[in-house]
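Scroll down for the structure; my scribbles are underneath it.
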Amino acid sequence: MRLVPRWEFDIYALALPRGHGFGDNPPIGAWGSDDGKNMGIVTRHVESKNIGTIVMRRRADAVWEVIKREAGFASVDAAKKALEPDLAENLPPAPMPPGTRPLRSLFDFGDREPNEMFRYLVNKAHQPAAWALTQIYMSFPKPDRNWVSDCQSNHFHTRLWEAQLLASLREQGLLVEQPVESPDFRIQNKRGGEAWIEAVTANPPADYNHMNAPIADMPTEKEEVFFGPAALRFAKTIGNKLERNYDQMDHVKGKPFVLAIADFHAGGSMIWSREGLTGYLLGAGATVAEVNGKPQAVPLPAEFLLGPAKFPAGLFRDDKHAGLAAVVFTNACSISKLSRVPISAAATAPEGYRFTRMGVFFDRTPGALKPRPFCLDITSEEYRALWPQGFEPWTAELEVFHNPFARHPLPFDLLPEATHWFEVKGEWMCQSFYETSILWSRTRIDNADQPPFTMADIERGMAELLEKEGAQKPASPA
């Protein structure tokens, strides 16, 4: 049997009902069979120091199942010795739970021709993403019957968001279930708090390759940034979901209901569309003005979004939508994210390739009005040191906007590792789990024998972009 490195174990552990939530019995090591079909985990209680084991085995459809739990071992060596019979090669697969249908392979095309986005996954440079997406797909409690066909078609981005959301939830140690068709997920923490989450994407008017698409024209005026086309696209997407009255479903009544949204409405729009979401939700933005002779961030309120429809701004400005507890958002739902998490954790990229992430950090310096640019190899120590665990987490860009008028508010500890935005006495405040906050980024893949892509290569274009942005993005819009 072989030692399973942490980065690999963390991906496999997403198949557990509570993901990384081991409670008082955290793992201290994991070992796998040489054929990759069995894994044994050794745990140790934080107080009593009692040592236990968990055995996971692949089913015939390659999904992990827990087949054995034991406790009371005298030492780690004794626990490892006890695991050996269960980590042999060529053992029969774990049995299918009663009433469970086998999952189709993510790469079972049948008579379909996969779309361009899915075909990227077979390229050597994207093998880490293909592997990560496959493992997460097999971690779903009960994926839709058409999950695979959707993923291989023009709905790739919607399934990509569901997969990234599942990984983000279970990385936080939440129990994630799919007991009904909708909403998509029921989550619960160790304290018994629960909520329901529906995943949705802001889609383009026509299909496009969002991985290599040129960046669409960015709004240049602050009113457009906060209240223009992106805000309107979010408003329509969220409005369509609210019309379904998820919060009134019998199994949701009395519990927080959350919408989780990712943006694909235009090429590269994740770079700048976040402000459109805040403009729509809060009915306010922020701009830079001279106050007492010094530039400062000042509020930019609005009653309506731009355009002839006069769509109201400020979904969270009153109690008309009290059934919605919060909106979860990410600006980094992409194939690149699927690659960066395992690559940064393993500190190695596919042979012959270099992955460079460039973008801007939120500058936490008091009074700072502009973000700080960065350009880093994702396998570098500098990049990995941005997060305390030493690699990029799934939840790194996850933000939660709380509805101050929610009938059933979302407790912060139901999404403990996200960044939370909430209102206190009329002012919007922010609480971050990670010190590092990346406002937007792009990931570039180059041949390893080419000169590294450096900050000097992007400073020219970035200077113009930052000049258009004015105040840095997460400045409180109220």
Side-chain angles (χ1 to χ4, degrees), residues 161 164-165 168-169 172 183 185 187 195-202 225-227 230-239 241-242 246-247 256-263 265 269-270 272-286 299-302 305 311-333 362 395-434 437-440 472-478:
W161 173 223
Q164 187 172 321
L165 181 60
S168 298
L169 296 172
Q172 297 176 78
F185 302 110
I187 62 172
W196 290 84
I197 300 179
E198 175 72 5
V200 63
T201 53
V225 171
F226 285 99
F227 313 116
L232 188 58
R233 181 68 268 169
F234 283 127
K236 291 180 177 179
T237 301
I238 292 173
K241 285 294 183 179
L242 292 178
Y246 290 100
D247 63 298
F257 169 67
V258 177
L259 281 175
I261 190 166
D263 173 43
H265 89 274
S269 59
M270 286 185 223
W272 50 266
S273 65
R274 175 187 175 278
E275 279 54 56
L277 179 63
T278 61
Y280 168 58
L281 294 180
L282 313 184
L300 184 68
L305 303 183
F311 204 101
L315 186 75
F316 289 171
R317 194 150 49 189
D318 54 43
D319 62 358
K320 292 179 182 178
H321 301 286
L324 178 62
V327 171
V328 171
F329 175 74
T330 182
N331 65 2
C333 181
F362 172 47
T395 53
E397 299 86 7
L398 209 64
E399 296 185 275
V400 184
F401 296 89
H402 292 261
N403 184 356
F405 295 94
R407 187 177 301 113
H408 303 289
L410 178 73
F412 284 28
D413 61 5
L414 265 175
L415 292 170
E417 296 174 19
T419 294
H420 293 267
W421 292 88
F422 53 99
E423 189 183 53
V424 178
K425 297 181 180 180
E427 182 179 358
W428 281 87
M429 311 292 288
C430 177
Q431 176 179 301
S432 299
F433 181 81
Y434 291 112
S437 179
I438 294 176
L439 304 183
W440 60 260
Q472 60 175 307
K473 291 187 175 183
S476 177

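All values reported here derive from a predicted model rather than from experimental measurement.
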For Y246, which residues count as a ring pair (Phe, Tyr, Trp, His ring centres under 6.0 Å) partner, sequence neighbours excluded? F257
A199 and L165 have their tightest heavy-atom pair at CB-CD2, 4.0 Å
Nearest 0.5 Å, what's the CZ-CG distance between F329 and D263? 6.0 Å
Out of the candidates I197, L242, T237, only one should pair with L259 under the side-chain contact (heavy atoms from CB on, under 4.5 Å) rule; please name it. L242
E397: what forms a side chain to side chain donor-acceptor pair (under 3.5 Å) with it, not counting sequence neighbours? K337, R357
Nearest heavy-atom neighbours spanning I261 and A202: CG1-N, 4.3 Å
Residues that E423 engages under salt bridge (charged side-chain N to carboxylate O under 4.0 Å, His left out), provided they are two or more places apart: none
Taking all atoms of both residues into account, what is the closest heavy-atom pair of F227 and P301, and its distance? CZ-C, 4.3 Å
Can you tell me how far the CZ atom of F234 sits from the OG1 atom of T278, to the nearest 0.5 Å? 9.0 Å
Kindly indicate whether the side chain of F316, heavy atoms from C-beta on, has any atom under 4.5 Å from the side chain of W421. no
Tell me every residue that passes side chain to side chain contact (heavy atoms under 4.5 Å, CB included) with K320, counting only those two or more places apart in sequence or in another chain. D318
Heavy-atom closest pair, residues E198 and P183: OE1-CA, 3.2 Å
Decide side chain to side chain contact (heavy atoms under 4.5 Å, CB included) for L169 and L415; before the verdict, give the C-alpha distance in whole Å, the side-chain angles of both, and the deciding distance to 0.1 Å. CA-CA 7 Å; L169 296 172; L415 292 170; 3.5 Å; yes
Can you tell me if Q431 uses its side chain to pair, donor with acceptor, with the backbone of F422 under 3.5 Å? no
Taking the side chain as C-beta and beyond, is there a heavy-atom pair between V328 and L398 under 4.5 Å? yes
Minimum-distance pair of heavy atoms, taken over all atoms of G283 and R317: O-NH1, 3.3 Å
Kindly list each side-chain donor-acceptor pair under 3.5 angstrom involving residues 400-414, sequence neighbours excluded, with atom names and distances?
residue	atom	partner	partner atom	Å
H402	NE2	H420	ND1	2.8
N403	OD1	F405	N	3.0
N403	ND2	H321	O	3.1
N403	ND2	L324	O	2.9
D413	OD1	N189	ND2	3.3
D413	OD2	R191	NH1	3.2

Take atom NZ of K241 as the centre, draw a 6.0 Å sphere, and report whether it contains more than 12 heavy atoms from other residues, nucleotides or ligands. yes
Residues passing the ring pair (Phe, Tyr, Trp, His ring centres under 6.0 Å) test with W161, sequence neighbours excluded, are none
Atom pair CH2 (W428) and CG (L282), whose distance is rounded to the nearest 0.5 Å: 5.0 Å
Locate the shortest heavy-atom distance separating E275 from F226; write the atom from each residue and the value. O-CD2, 3.3 Å
So do the side chains of W272 and V225 get within less than 4.5 Å of each other, counting heavy atoms only? no
So, the side chain of Q172 versus the backbone of E417: is there a donor-acceptor pair under 3.5 Å, distance only? yes
Kindly indicate whether the side chain of I238, heavy atoms from C-beta on, has any atom under 4.5 Å from the side chain of L281. yes
